[in-house]
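Some notes on the structure that comes next.
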Amino acid sequence: QEQLVESGGGSVQAGGSLKLSCAASQFFAAYCMAWFRQAPGKEREGVAVVDILGRRTLYVDSAKGRFTASRDNAKNTLALQMNNLKPDDSAIYYCAAYLCLGWRTSTLLNPANYNYWGQGTQVTVSS
């Protein structure tokens, strides 16, 4: 069964940290995995992508230097370590999977390419 389940969201003050996790079924072992977020009234935004082997990552500019995405294929999990959080990071965070054929950076952060989504987890950062 294809399933993605996020956890780890919560409320923190600016400057704090959170770690999100996504439990994936083994079905996604050959998929690129990503984190997206969506704030109220805004479009869904790609935050970070990890390749199939967990060797390559791609981040949106606002996440570079603060967020780290990783995957553990032995445990079928995807993680997003978020440090130095800012109020603008507040959103629902989603785990997603994409059958990426190659590492095309122009497409990896586009939500339209992703076929599988989790239910999301809320992250709230207060100033």
Side-chain angles (χ1 to χ4, degrees):
Q1 182 178 359
E2 305 90 23
Q3 192 172 18
L4 299 168
V5 180
E6 303 94 337
S7 61
S11 298
V12 295
Q13 290 193 326
S17 298
L18 279 175
K19 185 173 183 178
L20 306 182
S21 296
C22 175
S25 63
Q26 196 171 3
F27 175 82
F28 297 110
Y31 283 65
C32 285
M33 301 292 294
W35 289 99
F36 287 81
R37 64 186 177 189
Q38 189 165 20
K42 294 188 177 181
E43 293 186 351
R44 192 164 295 191
E45 174 187 44
V47 177
V49 185
V50 185
D51 76 349
I52 294 170
L53 296 178
R55 293 176 181 171
R56 289 178 291 189
T57 53
L58 178 69
Y59 298 93
V60 67
D61 285 348
S62 61
K64 291 177 182 177
R66 300 188 299 126
F67 293 5
T68 302
S70 60
R71 69 190 290 172
D72 184 334
N73 286 338
K75 297 181 180 179
N76 296 320
T77 57
L78 176 72
L80 184 67
Q81 176 66 48
M82 303 186 293
N83 298 326
N84 191 22
L85 283 161
K86 304 175 181 180
D88 283 349
D89 295 318
S90 297
I92 298 176
Y93 282 70
Y94 298 90
C95 174
Y98 167 37
L99 188 61
C100 54
L101 301 176
W103 187 250
R104 291 192 224 171
T105 57
S106 61
T107 63
L108 292 170
L109 292 176
N110 184 347
N113 292 321
Y114 288 75
N115 301 107
Y116 299 95
W117 294 86
Q119 82 289 349
T121 186
Q122 177 72 49
V123 171
T124 303
V125 184
S126 58
S127 57

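- Taking each heavy atom of G120 and I92 in turn, the nearest pair found is CA-CG2, 3.8 Å.
- A pairwise comparison of heavy atoms in F36 and R44 identifies CB-CG, 3.9 Å as the closest pair.
- Side-chain contact between I52 and Y31: absent, with no pair of heavy atoms (C-beta onward) separated by less than 4.5 Å.
- Here N83 contributes atom CG and T68 contributes atom OG1; the two are 6.5 Å apart, rounded to the nearest 0.5 Å.
- In this structure, V123 and L20 have side chains that are in contact, with non-hydrogen atoms separated by less than 4.5 Å.
- Note that CG of D72 is 4.5 Å distant from OG1 of T77, once rounded to the nearest 0.5 Å.
- Under the salt bridge (charged side-chain N to carboxylate O under 4.0 Å, His left out) criterion, K42 pairs with no residue, sequence neighbours left out.
- In this structure the side chain of Y98 reaches within 4.5 angstrom of the side chain of L108, judged on heavy atoms.
- Ion pairing between a basic and an acidic side chain is recognised when a charged N comes within 4.0 Å of a carboxylate O; K86 and D89 show no such pairing.
- Of all heavy-atom pairs spanning L78 and S70, the tightest one is CD1-O, 3.3 Å.
- Side-chain contact between M33 and L4 is present, with at least one heavy-atom pair separated by less than 4.5 Å.
- When each of Q122, R37, Q38 is checked for a side-chain hydrogen bond (donor to acceptor under 3.5 Å, both in side chains) with Y93, only R37 meets the rule.
- Minimum interatomic distance between S17 and V12 (heavy atoms only, all atoms of both residues): O-CG1, 3.9 Å.
- Side-chain contact between E6 and S21: absent, with no pair of heavy atoms (C-beta onward) separated by less than 4.5 Å.
- Separating the SG atom in C32 from the CZ atom in R71 is a distance of 7.0 Å, to the nearest 0.5 Å.
- R56 meets the salt bridge (charged side-chain N to carboxylate O under 4.0 Å, His left out) test with D51; sequence neighbours excluded.
- Residues L109 and Y59 form no side-chain contact, since every pair of their non-hydrogen atoms from C-beta on lies 4.5 Å or further apart.
- Hydrophobic clustering (side-chain heavy atoms under 4.5 Å, transitive across Ile, Leu, Val, Met, Phe, Trp, Tyr) keeps V5 apart from Y116.
- Between W35 and A79 the shortest heavy-atom distance is NE1-O, 3.2 Å.
- Both the sub-6.0 Å distance and the 45° axial angle are not jointly satisfied by R55 relative to the ring of W103.
- With N73 contributing its side chain and Q26 its backbone, the two residues share no donor-acceptor pair below 3.5 Å.
- Side chain of T121 to main chain of G9: a donor-acceptor pair is present (N/O by atom type, distance under 3.5 Å, no hydrogens or angles).
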Please lay out, stage by stage, how Y114 and Y94 fare under the test ring pair (Phe, Tyr, Trp, His ring centres under 6.0 Å). CA-CA 11 Å; Y114 288 75; Y94 298 90; over 10 Å; no
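- Residue S90 comes nearest to V125 through the heavy atom pair OG-N, 2.8 Å, listed as atom of the first residue, atom of the second, then distance.
- Atom-to-atom distance recorded for Q3:CD and S25:OG is 7.0 Å, nearest 0.5 angstrom.
- No donor-acceptor pair under 3.5 Å is formed between the side chain of W117 and the backbone N or O of A97.
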